[in-house]
Number of protein chains: 2
Amino acid sequence: MKPNRKDREADIGSEPRTLDDDPVVQGILKAISHKRLKPGTKLGEDALAKVFATTRIHIRQVLAHLVSRHIVTHFPNRGAFIYRPTIREARDIFSARRMLEAATVSAVVDNLTDDVRHLLKMHIARESGHDRNDRWASLALTADFHILIAELANNTVLLDFAKELMLRTSLAIATFEVPGSPDCSPDAHPGIADMILAGDKAGALAAMHKHLDEIEQRLNLDGAARDPDDIVAIFQDIGIAPLNRGAA
Amino acid sequence: MKPNRKDREADIGSEPRTLDDDPVVQGILKAISHKRLKPGTKLGEDALAKVFATTRIHIRQVLAHLVSRHIVTHFPNRGAFIYRPTIREARDIFSARRMLEAATVSAVVDNLTDDVRHLLKMHIARESGHDRNDRWASLALTADFHILIAELANNTVLLDFAKELMLRTSLAIATFEVPGSPDCSPDAHPGIADMILAGDKAGALAAMHKHLDEIEQRLNLDGAARDPDDIVAIFQDIGIAPLNRGAA
DNA sequence: AGCAATAAGATTGCTTCCAATTTTTAAGCA
DNA sequence: TGCTTAAAAATTGGAAGCAATCTTATTGCT
């Protein structure tokens with residue numbers, strides 16, 4: 001008696017389908033991590049369907065998927081918008097990253113095979129060799145470093161979490177960055193990589209922790225809950241103070 | 001000039017909608033964590049629509065949501081099935097839990113307010129006072145302990161990860177448990193809670209690590225990849241060896 | 001008896017259409 | 001000029017129906 005296919009999943013045959021590989025999903029995620037799509041912008045169904053040349057139903061599925069990934073918010077009868085994290089969430093994201101990336105770095109140091117060394121050196125070489133002025137290439141490469149660490153930790157669950165955290169970090173940065181500051185100090189990555197390669201676990205952990213702190217401190221998370229569209233605050237950020245017209 | 005509503009999300013008005021609160025989603029998740037729905041069982045659209053007295057479209061959205069949460073697998077033209085983790089994934093889940101719950105326990109010890117103490121004591125009292133013979137109530141309570149720790153860590157992102165890991169742990173246990181062994185040794189929880197309440201971080205971390213190891217070692221993750229429906233292996237597990245009919 | 005091919009039944013996937021709500025535009029009034 | 005009200009346009013949400021695929025049962029053959 002072989003397993004009945006009525007209520008038992010298939011052993012062979014067509015592969016399961018996930019929306020993670022979908023070109024529309026990847027396009028939107030790429031646009032977010034490249035800062036082309038900013039938090040709060042509306043993702044109209046018809047507009048997306050036209051851009052990606054697919055049906056509205058497909059777009060609907062994609063948006064639902066992004067909603068459950070915390071990348072998009074859905075307001076009934078109003079549509080989907082790129083998610084805008086709260087200050088609390090932004091802090092939680094960085095806190096979670098400090099915790100999770102400490103664990104991944106630790107796992108990588110404990111698992112220093114030749115392949116791991118090779119991949120790490122390869123990435124650092126790519127980072128140092130790329131065009132510093134190409135802002136978009138820089139963004140992609142700096143994110144890839146953290147993803148690579150998670151991959152080298154050899155744990156699919158942690159890798160999934162890391163990818164989600166990188167995306168949500170992009171949203172947090174795009175929401176709370178003070179204009180004109182760089183994203184990720186690229187010089188920190190070679191230092192972290194060197195300590196990992198040297199087997200210095202404590203040093204690597206400290207360097208990663210400091211690196212994440214630097215990124216977070218470049219944001220405006222000072223509790224003063226302000227609207228990211230607040231014109232006054234935006235001009236204050238670039239050094240233009242409002243005039244006190246009409247004050248006593 | 002106030003923010004334009006055309007491509008800026010609403011500040012007030014109707015709340016965003018998530019499928020996490022959906023009664024159908026919660027019903028399925030509850031059935032999974034209570035071991036009523038086992039990995040591999042098919043979730044037919046019409047069947048679910050009839051059970052929950054809703055439309056097929058709604059069920060379709062729910063299933064898509066569960067697919068992106070790694071709870072359900074979707075085979076094209078064949079339907080949705082409760083996800084069955086691989087051995088590799090089961091190990092990764094426990095490994096991730098050791099890392100993440102170590103971090104949450106540590107955060108709780110660092111944040112020992114009176115409220116935290118109270119909630120911890122309350123839960124332990126509930127656990128010790130419940131009916132040991134009610135297997136379903138036990139399952140719910142033991143899962144709640146780990147969720148509570150994550151809540152007390154005061155980080156929404158970590159809480160989401162913890163919830164996801166608890167669900168995926170349920171699937172791993174249901175897939176690889178050897179029949180007849182208990183799920184979670186309930187006696188471990190009071191010990192962990194006591195160490196947290198005493199501020200003994202190292203002790204709490206060690207206890208939690210040991211607790212998770214015990215749960216994992218109760219499973220069949222010995223690399224020998226076997227079909228969970230394998231009749232021979234199932235009877236071997238309960239001590240019945242196959243007869244060598246026809247052997248030389 | 002056992003296995004392969006075929007036809008019937010059931011389920012999923014998609015297209016099309018229409019209702020409900022919202023956003024925009026226009027008009028009216030203080 | 002600025003604000004409120006009302007109508008029009010656009011967008012989202014959902015329902016019914018049909019095509020495509022898979023599963024199951026039946027028939028026929030070795």
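Lettering follows sequence order; numbering is per chain, from 1. When reading the values below, keep in mind they use all heavy atoms of this one structure, side chains included, and skip hydrogens, waters and symmetry mates.
- One interatomic measurement links the two molecules: CZ of F81(B) to C1' of dC22(D), which rounds to 10 Å at whole-angstrom precision.
- Between K35(B) and A174(B), the shortest heavy-atom distance links the atoms CD-CB, 4.1 Å.
- Evaluation of the side chain to side chain contact (heavy atoms under 4.5 Å, CB included) rule for A47(B) yields no partner, not counting sequence neighbours.
- Under the 3.5 Å distance criterion, with hydrogens and angles disregarded, a donor-acceptor pair is assigned to the side chains of D22(B) and H58(B).
- The one candidate from R97(B), H146(B), E216(B) that meets the side-chain hydrogen bond (donor to acceptor under 3.5 Å, both in side chains) condition with T169(B) is R97(B).
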Enumerate all atom pairs, one protein N or O and one N or O from nucleotides 11-17 of chain D, separated by less than 3.5 Å.
{"unit_1": "dT12(D)", "atom_1": "OP1", "unit_2": "E45(A)", "atom_2": "N", "d": "3.0"}
{"unit_1": "dG13(D)", "atom_1": "OP1", "unit_2": "H74(A)", "atom_2": "NE2", "d": "2.5"}
{"unit_1": "dG13(D)", "atom_1": "OP2", "unit_2": "E45(A)", "atom_2": "OE2", "d": "3.4"}
{"unit_1": "dG13(D)", "atom_1": "OP2", "unit_2": "R60(A)", "atom_2": "NH1", "d": "3.2"}
{"unit_1": "dG13(D)", "atom_1": "O6", "unit_2": "R56(A)", "atom_2": "NH2", "d": "3.3"}

Show every donor-acceptor pair shorter than 3.5 Å between a side-chain atom in residues 149-159 of chain B and any protein atom, with sequence neighbours excluded, or say none if there are none.
{"unit_1": "N155(B)", "atom_1": "OD1", "unit_2": "V157(B)", "atom_2": "N", "d": "2.9"}
{"unit_1": "N155(B)", "atom_1": "OD1", "unit_2": "L158(B)", "atom_2": "N", "d": "3.1"}
{"unit_1": "N155(B)", "atom_1": "ND2", "unit_2": "D92(A)", "atom_2": "O", "d": "3.2"}
{"unit_1": "N155(B)", "atom_1": "ND2", "unit_2": "S95(A)", "atom_2": "OG", "d": "3.4"}
{"unit_1": "T156(B)", "atom_1": "OG1", "unit_2": "D92(A)", "atom_2": "OD2", "d": "3.1"}

